[in-house]
Amino acid sequence: ALQVFLCFEHPTGQLTMQVYPSVRCWEPEYAGFVVIGSVAFMVGGVGFLALTAYITILHRKRLSEGRFDTTRNYSFLFGKWGTQHYEVGMILILRQTVLALVPRSEE
């Protein structure tokens, strides 16, 4: 989703997309790519983080009520760390998201 914002400069000074070198960055035809990339990032990236945060908060509430169904239903978040450290799954997903957004060096 974020590859649409990665442009590179040609020796002539022209900016084009890394993924589609025939599309010039910040030209009218580029706007469609920006819209689709932004929506995909908001739904896929930010939406998943928001859902994970909501499930973590819900899990805490259910644990205080003595209900353990969220531990089983969302074992990818809570299964490894038990009821004492339920927030670790959210922290690790947030960490992986931040690491994925850091641009890599081409050197």
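Throughout, numbering of the chain's residues begins at 1 and tracks the sequence.
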Engineer: Just say parallel, tilted or perpendicular for the rings of His10 and Phe8, cut-offs at 30° and 60°.
Structural biologist: tilted
Engineer: Atom CG of Asn73 and atom CZ of Phe68: how far apart are they, to the nearest 0.5 Å?
Structural biologist: 13.5 Å
Engineer: Which atom names give the shortest non-hydrogen contact between Val4 and Gly37, and what distance separates them?
Structural biologist: CG1-CA, 4.1 Å
Engineer: How close do Tyr30 and Cys7 get, heavy atom to heavy atom, and via which atoms?
Structural biologist: OH-SG, 3.9 Å
Engineer: Given the rule that I, L, V, M, F, W and Y join up when any side-chain heavy atoms are under 4.5 Å apart, are Val98 and Leu51 in one cluster?
Structural biologist: no
Engineer: When rounded to the nearest 0.5 angstrom, what distance separates CD1 in Ile55 from OG1 in Thr70?
Structural biologist: 9.0 Å
Engineer: Please answer: with hydrophobic residues joined when any side-chain heavy atoms are less than 4.5 Å apart, are Leu94 and Tyr74 in the same cluster?
Structural biologist: yes
Engineer: Where is the tightest heavy-atom contact between Leu77 and Thr56, given as atom of each residue plus distance?
Structural biologist: CD1-OG1, 4.4 Å
Engineer: Working to the nearest 0.5 angstrom, can you tell me the gap between Leu15 CG and Trp26 CH2?
Structural biologist: 9.5 Å
Engineer: Return the CD to CZ distance between Glu65 and Arg60, rounded to the nearest 0.5 Å.
Structural biologist: 12.5 Å
Engineer: Would you say Val43 and Leu49 are hydrophobically clustered, going by side-chain heavy atoms of ILVMFWY under 4.5 Å?
Structural biologist: no
Engineer: What about Tyr20 and Phe33, are their ring centers closer than 6.0 Å?
Structural biologist: yes
Engineer: Locate the shortest heavy-atom distance separating Met90 from Ala53; write the atom from each residue and the value.
Structural biologist: SD-N, 3.7 Å
Engineer: For Tyr54, does the OH atom sit with more than 12 other heavy atoms under 6.0 Å from it, leaving out its own atoms?
Structural biologist: no
Engineer: Are Phe41 and Phe5 linked, directly or through intermediate hydrophobic residues, by side-chain heavy-atom contacts shorter than 4.5 Å (ILVMFWY only)?
Structural biologist: yes
Engineer: Compute the ring centroids of Phe78 and His59, then answer whether they are less than 6.0 Å apart.
Structural biologist: yes
Engineer: Tell me whether Val23 is reachable from Val19 by hopping between hydrophobic residues (I, L, V, M, F, W, Y) whose side-chain heavy atoms are closer than 4.5 Å.
Structural biologist: yes
Engineer: Return the CZ to OG1 distance between Phe48 and Thr97, rounded to the nearest 0.5 Å.
Structural biologist: 7.5 Å
Engineer: Minimum heavy-atom separation for Glu29 and Arg24, please, with both atom names.
Structural biologist: OE2-N, 3.8 Å
Engineer: Where is the tightest heavy-atom contact between Gln14 and Thr16, given as atom of each residue plus distance?
Structural biologist: NE2-CG2, 3.5 Å
Engineer: Which residues pass the salt bridge (charged side-chain N to carboxylate O under 4.0 Å, His left out) test with Arg62, sequence neighbours left out?
Structural biologist: Asp69
